[in-house]
Asks: 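One structure follows; several queries about it will come next.
Being a predicted model, the structure only gives us computed values, none of them experimental. The first residue of the sequence shown is numbered 1, and numbering continues consecutively from there. Heavy atoms only: backbone and side chains are in, while hydrogens, waters and symmetry mates are out.
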Amino acid sequence: MAKNLLIVESPAKAKTINKYLGKDFHVLASYGHVRDLKPKEGAVDPDNGFAMAYEVIERNEKHVDAIAKAAKQADDIYLATDLDREGEAISWHISEILKERGLTAGKHLHRVVFSEITPKAIKAAVAQPRQLSHDMVDAQQARRALDYLVGFNLSPVLWRKVQRGLSAGRVQSPALRMIAEREEEIEAFVAREYWTVEAALRHPEGDFSARLTKLNGKKFEQFDLTNEHDAMAARAALKEAAHGRLTVSDVGSKERKRRPAPPFTTSTLQQEAARKLGFSTSRTMKIAQGLYEGVSLGSEGNVGLITYMRTDSVALSEDAVTEMRQLIARDFGAKALPDHPQTYKAKSKNAQEAHEAIRPTSAMLTPRDVSAFLNEEQRKLYELIWKRTVACQMIHATLNTVSVEFALPHVAGGDASFRSTGTTVVDPGFLAVYEEGRDQKTADDDDEGRRLPKLAVGEQVALHDIQADQHFTEPPPRYSEASLVKALEEHGIGRPSTYASIIQVLLNREYVLLDSRRFKPTDVGRAVSKFLTAHFTRYVDYDFTAKLEDELDAVSRGEEAWVPLMERFWLPFKQQVDEKTESVDRSEATGARELGTDPKTGKPVSVRLGRYGAYAQIGDKDQDEKLQFASLRPGQSMHTIALAEALELFKLPRNLGQTENGDEVSVGVGRFGPFVKQGSTYASLKAEDDPYTIELPRALQIVQEKLEMLANRIITDFGNGVQVLNGRYGPYITDGEKNARIPKDQEPKALTEAQCLELLAAAPVKKGRGGAFKKTAAKKAAAKKAPAEKKAVAKKVVAKKATTKKAATKPAAKKAASKKTAAKKTATKKTATKKAASKKTAVSRAGA
């Protein structure tokens, strides 16, 4: 057994590093985090110095056991997890586990960090280890405790006031607020009409255009022409004064220099990958992780191709810059090299300059050299990183901007003039390799690349036409992934390692959705944002969130203690949670809107947020015994729907007629979407079918397809719950709890009961999203993990129920209630146990 144990986070990284260190080292992976807070109330104890109760993450228990076994036989243990706070915390958790198991006595624990996985970097890190940074660990623990306390205390308020199953996050909530507020801006936006005027000019060297810049003796502004009448009058006056030509009154030429963009940080990489490659932030980080950990380059084996991808630094090492300058001189010539290396300053005041920007581990590994070993996505991202990094060390681009003025002095109402601008590249410099993308084009972008003919003052140019074009101002665009990451960074919300997870959480919780690659808040997301903004204003405030991030950074630098920080946050936060739990009305929290009055009944029509989404309601629950409800249609929002649209919803269910045997056929919208009903048979409508317009023949066709599918679904039924069924992806076996595949060489109809039972026994328990399988698996895991704890919680729940019931029951009914409770004692215990397990799952979700 090797005398040195080195622990990294991922198996891919372990594989790459293992070959660099030789037989004296045994390299193992932790597979990410090894411990987390216990998923129950009290895992963070504010009354005891914010003590945190951890447990080993169940899915990583086997990896922790493997590390412990190897540590037992090793002399020295090297903790080589990532170099950020998360990595530091993982190393600390591993060391704490090993200490608890008594495996560190007489051994040396070393902390090693590296920003690239190359032989030189790995060997240098192992040769110069350091101690664990408890300041960085404290900062990560404080962040985890804050997130836990916010989630655990704020989520139940959302359950009571908005909708069950919701959760709130400390950094996700301000991000959601950004998206929701942008949507409100768009809805409130009122478009304004304006007209632009351009002269179409003809010249032997090439036709071009010129924009109107002066009208009626003054500078022409955007809203000087706001209707067609005025625009056409101005156009006619200009054409009359021009007499078919414009005269050059001034020619200006100016050279300007454009510097290359700095090398990539996490934020700018995510933005550019979204703009240029169409990658989501999470996809970008996953691909970058693979490039960092190592890719097999044939006979060379695994090689780390880029440096660490979670960074806000734009610094580059001297060795990297030297190598890049050599490559630039070789491939682009000495003229492409500036006299001195280009240096860049980080925008963030908290940027960790000890880290590096994201760059290739070797600039000499060109995209062409490695493309054969990469998949298409890896190749695209590596090429993007390589080009950006090389370009940042090249000479600036030199651009020449020519501006030509055309005076028109004899126009009715005052002088007028036009201007034409063109920009040409004198020396491309870094642009020969890379140009940074932009979210929105500007007028300067339109000018770039436009070459004007050579013109002189006094020269007359033929006027082909003067065009007046109508425009309308546009609302601010919804956030894309790139612009949202940029906004988060500018506001100081989150850190490099959190941008992707912030976005993914908002999507997973269905608080937002992507519409044409832009974020649009759902009704639930807007209700959550509105509630938090109105009642927990401070905690979704951009400046407050950014200041808290700054304080966490100060903790990581050893400038501030984490417990006082927690105390300053916790006390007012808990007080506000308690107050709002009692004082806020649910209808206010969900953003219910009254739209008007139903002309048929005279009752109020409103839209509200319910358990299964937004719905319209006719009637007032305080005055009407019977209320009418209708779900909103896809694409409708409770925040924008009008009365007429809402009333249309109540046309469902629609009676379409009868079948030949007298069955009623109708269409409606239920919990799972639009459906057609024939007798007692329900069938979902297809995506192309509209419940408001569908006719009887099409409805009967959908029902017939459903009946045929059901008739052909059961291949064999053994009568004991075991069935062979036709499924969406082909025949399979099920017993109601587990599914089993049928071997390709087996005929489904020929399977015996014994064969089916054997295949089911060998099949894994399904761990899908929701459903009986997930619940069964969760219950089994919970029962195996903590039976004593479950039993105690169950007894506590039963006792609490009995006490509550006793207090609420009148003396005459006490005996009956007592007998009923005793008769169902066993069932109650089972229910309490299930609830405890369910509560544990919910708590885990809230904490996350």
Side-chain angles (χ1 to χ4, degrees), residues 116 255-279 284 287-288 291-292 295 305-307 309 311 313-346 356-374 376-401 423-439 441 444-445 447-449 482:
E116 59 185 84
E255 274 197 359
R256 59 188 176 91
K257 297 175 181 178
R258 187 198 293 179
R259 287 195 71 193
F264 279 132
T265 62
T266 303
S267 165
T268 53
L269 175 63
Q270 290 172 349
Q271 291 173 52
E272 280 290 84
R275 293 186 194 111
K276 294 189 171 182
L277 307 179
F279 291 171
T284 297
I287 299 166
L291 294 173
Y292 165 67
V295 175
L305 291 181
I306 65 169
T307 53
M309 62 285 155
T311 177
S313 171
V314 290
L316 294 170
S317 69
E318 288 185 16
D319 289 347
V321 171
T322 300
E323 186 183 50
M324 273 183 273
R325 288 175 66 84
Q326 291 170 355
L327 176 128
I328 293 166
R330 183 193 77 182
D331 292 357
F332 302 96
K335 64 184 176 78
L337 269 179
D339 294 336
H340 304 285
Q342 303 271 29
T343 58
Y344 300 91
K345 189 173 181 181
E356 273 198 83
I358 304 169
R359 63 167 175 82
T361 53
S362 172
M364 296 300 177
L365 287 173
T366 67
R368 183 177 56 194
D369 295 333
V370 301
S371 62
F373 304 99
L374 306 178
E376 186 65 11
E377 289 185 327
Q378 289 175 324
R379 182 193 64 76
K380 287 180 178 179
L381 193 64
Y382 181 73
E383 184 175 31
L384 191 71
I385 294 169
W386 187 90
K387 285 183 174 181
R388 172 92 165 213
T389 312
V390 171
C392 86
Q393 289 304 312
M394 294 177 70
I395 197 165
H396 57 260
T398 303
L399 308 174
N400 184 47
T401 299
T423 300
T424 55
V425 178
V426 178
D427 181 352
F430 75 90
L431 291 176
V433 176
Y434 179 85
E435 183 172 9
E436 186 176 29
R438 296 178 186 175
D439 291 316
K441 282 192 173 184
D444 290 340
D445 295 327
D447 291 338
E448 286 196 14

Asks: Could you tell me whether the side chain of Arg359 reaches within less than 4.5 Å of the side chain of Glu116, counting heavy atoms only?
Replies: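 Yes, their side chains come closer than 4.5 Å.
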Asks: Just verifying a value: how many Å separate Leu305 CG and Leu365 CG, rounded to the nearest 0.5 Å?
Replies: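 Result: 6.5 Å between the selected atoms.
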Asks: May I ask you to check whether over 12 heavy atoms, not counting those of Lys387, lie within 6.0 Å of atom NZ?
Replies: no
Asks: Verify whether one side chain among Ser362 and Glu323 offers a donor that lies under 3.5 Å from an acceptor in the other.
Replies: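 Short answer, yes.
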Asks: Hey, could you give me the NE2/CG distance between His396 and Asp427, rounded to the nearest 0.5 Å?
Replies: 7.0 Å
Asks: Within a reach of under 6.0 Å around CZ of Arg368, are more than 12 heavy atoms found that belong to other residues, nucleotides or ligands?
Replies: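 No.
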Asks: Does Glu376 come within less than 4.0 Å of Arg379, counting only side-chain N to carboxylate O?
Replies: yes
Asks: Quick one: ring pair (Phe, Tyr, Trp, His ring centres under 6.0 Å) partners of Phe430, sequence neighbours excluded?
Replies: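 Listed in chain order: nothing, the list is empty.
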Asks: Does the side chain of Val390 reach to within under 4.5 Å of the side chain of Asp331, using non-hydrogen atoms?
Replies: no
Asks: Out of curiosity, Gln270 CD to Thr284 OG1, how far, rounded to the nearest 0.5 Å?
Replies: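 One finds 6.5 Å between CD of Gln270 and OG1 of Thr284.
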Asks: Are Arg258 and Glu435 ion-paired here, with the side-chain N under 4.0 Å from a carboxylate O?
Replies: yes
Asks: Counting N and O atoms only, with roles assigned by atom type, does the side chain of Arg325 sit under 3.5 Å from a partner on the main chain of Pro338, one being a donor and the other an acceptor?
Replies: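 Side chain of Arg325 to backbone of Pro338, a donor-acceptor pair under 3.5 Å: yes, one is there.
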Asks: Do the side-chain N and O atoms of Glu318 and Thr322 include a donor-acceptor pair separated by under 3.5 angstrom?
Replies: no
Asks: Less than 4.5 Å apart, any side-chain heavy atom of Leu374 and any of Leu291?
Replies: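 Yes; the side chains approach each other to less than 4.5 Å.
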Asks: On a heavy-atom basis, which atom in Pro360 and which in Tyr382 lie closest, and how many Å separate them?
Replies: CB-OH, 3.8 Å
Asks: Look up atom CG in Leu399 and atom CD in Glu255, then write down how far apart they are to the nearest 0.5 Å.
Replies: 9.0 Å
Asks: Kindly compute the distance separating CD (Glu383) from OG (Ser371), expressed to the nearest 0.5 Å.
Replies: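 Nearest 0.5 Å value for the CD-OG distance: 8.5 Å.
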Asks: Give, for atom CD1 of Ile385 and atom CD1 of Ile306, the distance between the pair rounded to the nearest 0.5 Å.
Replies: 4.0 Å
Asks: What's the verdict on salt bridge (Lys or Arg N to Asp or Glu O under 4.0 Å) for Glu272 and Arg275, showing C-alpha distance, side-chain angles and the deciding distance?
Replies: CA-CA 5 Å; Glu272 280 290 84; Arg275 293 186 194 111; 2.7 Å; yes
Asks: Can Thr401 and Thr423 be counted as having a side-chain donor-acceptor contact under 3.5 angstrom?
Replies: yes
